[in-house]
> 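The structure follows.
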Amino acid sequence: MKITSPIVGEVEVSSDRIIEFPAGLPGFEACRQFTLLHDEGSEAPQAFMLQSLNDPDVMFSVTTPDVLGLNYEFTLSDDEVAALQLTNPDDVSLLLIVRHNDSADSNPAESPVRANLMAPLVVNTTTRRGLQKVIGRVDTRVTLHAVA
């Protein structure tokens, strides 16, 4: 599949790189197929672009929680496990949507990055199915570690 993104240009996406979000993402329910892109020059990228295949104008910057020194522990409901077609917990990968603080008077190079900590993306790396887990319960554990 070939897509043309206004941000990254023309990209060829093989079927084994497509992540299906059956319910879409909140606010972007029509966007159900995505792929992860990164700068080709990066050997070990710490940030990725989650590009929608349904709407080329929709792209999110994402990273893994460990890059930010975070560790998540939460329980998936039976419906979420079924939606992910999850049979092995080791197949789960988490991503966080990140963005620069877009204050009008701030220098983008100096603006802090903000991450949506309360709604990680949960992806089954085997079936390539995902969902956004909105966390609203106080018994969820998020551990912060200093990043060197």
Side-chain angles (χ1 to χ4, degrees), residues 1-102 111-148:
M1 168 185 285
K2 193 174 283 195
I3 62 163
T4 302
S5 164
I7 298 171
V8 296
E10 193 170 282
V11 178
E12 182 71 33
V13 179
S14 62
S15 61
D16 65 340
R17 295 195 48 215
I18 296 173
I19 303 168
E20 179 81 25
F21 286 81
L25 298 176
F28 299 91
E29 288 81 6
C31 296
R32 295 179 180 214
Q33 292 185 319
F34 290 84
T35 191
L36 284 173
L37 305 172
H38 62 85
D39 289 334
E40 292 302 321
S42 301
E43 288 183 28
Q46 294 188 356
F48 299 88
M49 294 164 276
L50 185 67
Q51 172 69 59
S52 169
L53 302 180
N54 305 108
D55 183 345
D57 291 328
V58 176
M59 181 188 300
F60 302 98
S61 294
V62 296
T63 192
T64 57
D66 60 304
V67 168
L68 301 175
L70 298 171
N71 177 45
Y72 277 81
E73 291 180 33
F74 56 81
T75 302
L76 295 172
S77 70
D78 291 341
D79 289 340
E80 291 166 332
V81 170
L84 291 169
Q85 298 175 345
L86 187 63
T87 57
N88 183 351
D90 292 336
D91 292 339
V92 169
S93 182
L94 293 180
L95 296 169
L96 298 176
I97 296 175
V98 295
R99 67 177 176 82
H100 279 281
N101 185 10
D102 50 2
S111 66
V113 173
R114 293 182 178 237
N116 186 348
L117 302 178
M118 297 307 286
L121 302 176
V122 182
V123 177
N124 180 336
T125 57
T126 300
T127 63
R128 294 182 313 276
R129 291 176 64 91
L131 59 84
Q132 188 165 25
K133 173 74 173 176
V134 178
I135 301 171
R137 296 171 38 136
V138 290
D139 65 344
T140 299
R141 298 175 204 232
V142 177
T143 308
L144 301 173
H145 298 283
V147 178

> With sequence neighbours excluded, what pairs up with Ser5 under the side-chain hydrogen bond (donor to acceptor under 3.5 Å, both in side chains) test?
Gln51
> Between atom CZ of Phe60 and atom CZ of Arg99, what is the distance when rounded to the nearest 0.5 Å?
12.0 Å
> If I take atom CG from residue Leu94 and atom OG1 from residue Thr64, how far apart are they, to the nearest 0.5 angstrom?
9.0 Å
> Assess whether side chain to side chain contact (heavy atoms under 4.5 Å, CB included) is satisfied between Leu50 and Leu36, documenting all intermediate values.
CA-CA 5 Å; Leu50 185 67; Leu36 284 173; 3.7 Å; yes
> Is any side-chain heavy atom of Tyr72 closer than 4.5 Å to a side-chain heavy atom of Pro120?
yes
> For the residue pair Val123 and Val92, establish whether any side-chain heavy-atom pair is separated by less than 4.5 Å.
no
> Scan the side chains in residues 18-27 for donor-acceptor partners under 3.5 Å anywhere in the protein, sequence neighbours excluded, and list what turns up.
from: Glu20; atom 1: OE1; to: Gln33; atom 2: NE2; distance (Å): 3.3

> Please answer whether the main-chain N or O of Thr125 pairs with a side-chain N or O of Ser93 as donor and acceptor at a distance below 3.5 Å.
no
> Ignoring hydrogens and angles, write down the donor-acceptor pairs under 3.5 Å from the side chains of residues 81-91, residues two or more places apart or on other chains.
from: Asn88; atom 1: OD1; to: Asp90; atom 2: N; distance (Å): 2.9
from: Asp91; atom 1: OD1; to: Thr126; atom 2: OG1; distance (Å): 3.3
from: Asp91; atom 1: OD2; to: Thr126; atom 2: OG1; distance (Å): 3.1

> For Phe74 and Val122: C-alpha separation, side-chain torsions, deciding distance, then whether side chain to side chain contact (heavy atoms under 4.5 Å, CB included) applies.
CA-CA 11 Å; Phe74 56 81; Val122 182; 3.9 Å; yes
> Give the ring-plane orientation class for His38 versus Phe48, where under 30° counts as parallel, over 60° as perpendicular and anything between as tilted.
perpendicular
> Enter the distance from Gln46:CD to Asp66:CG here, rounded to the nearest 0.5 Å.
8.5 Å
> Asp16: what forms a side-chain hydrogen bond (donor to acceptor under 3.5 Å, both in side chains) with it, not counting sequence neighbours?
Ser14
> Tell me, do Ile3 and Pro56 make a side-chain contact under 4.5 Å, heavy atoms counted?
no
> Show, in sequence, the C-alpha distance, side-chain angles and deciding distance for Leu70 and Leu96, and conclude whether the side chain to side chain contact (heavy atoms under 4.5 Å, CB included) test is met.
CA-CA 10 Å; Leu70 298 171; Leu96 298 176; 3.6 Å; yes
> Does the side chain of Met1 reach to within under 4.5 Å of the side chain of Thr35, using non-hydrogen atoms?
no
> Say you draw a straight line from CG of Leu131 to CG of Leu121; how long is it, rounded to the nearest 0.5 Å?
8.5 Å
> Could you tell me whether the side chain of Asn116 and the main chain of Ile97 form a donor-acceptor pair under 3.5 Å?
no
> In chain order, what residues pass the side-chain hydrogen bond (donor to acceptor under 3.5 Å, both in side chains) check against Ser77, with sequence neighbours excluded?
Glu80
> Applying side-chain hydrogen bond (donor to acceptor under 3.5 Å, both in side chains), can you list everything that pairs with Thr127, at least two apart in sequence or on another chain?
Asn124
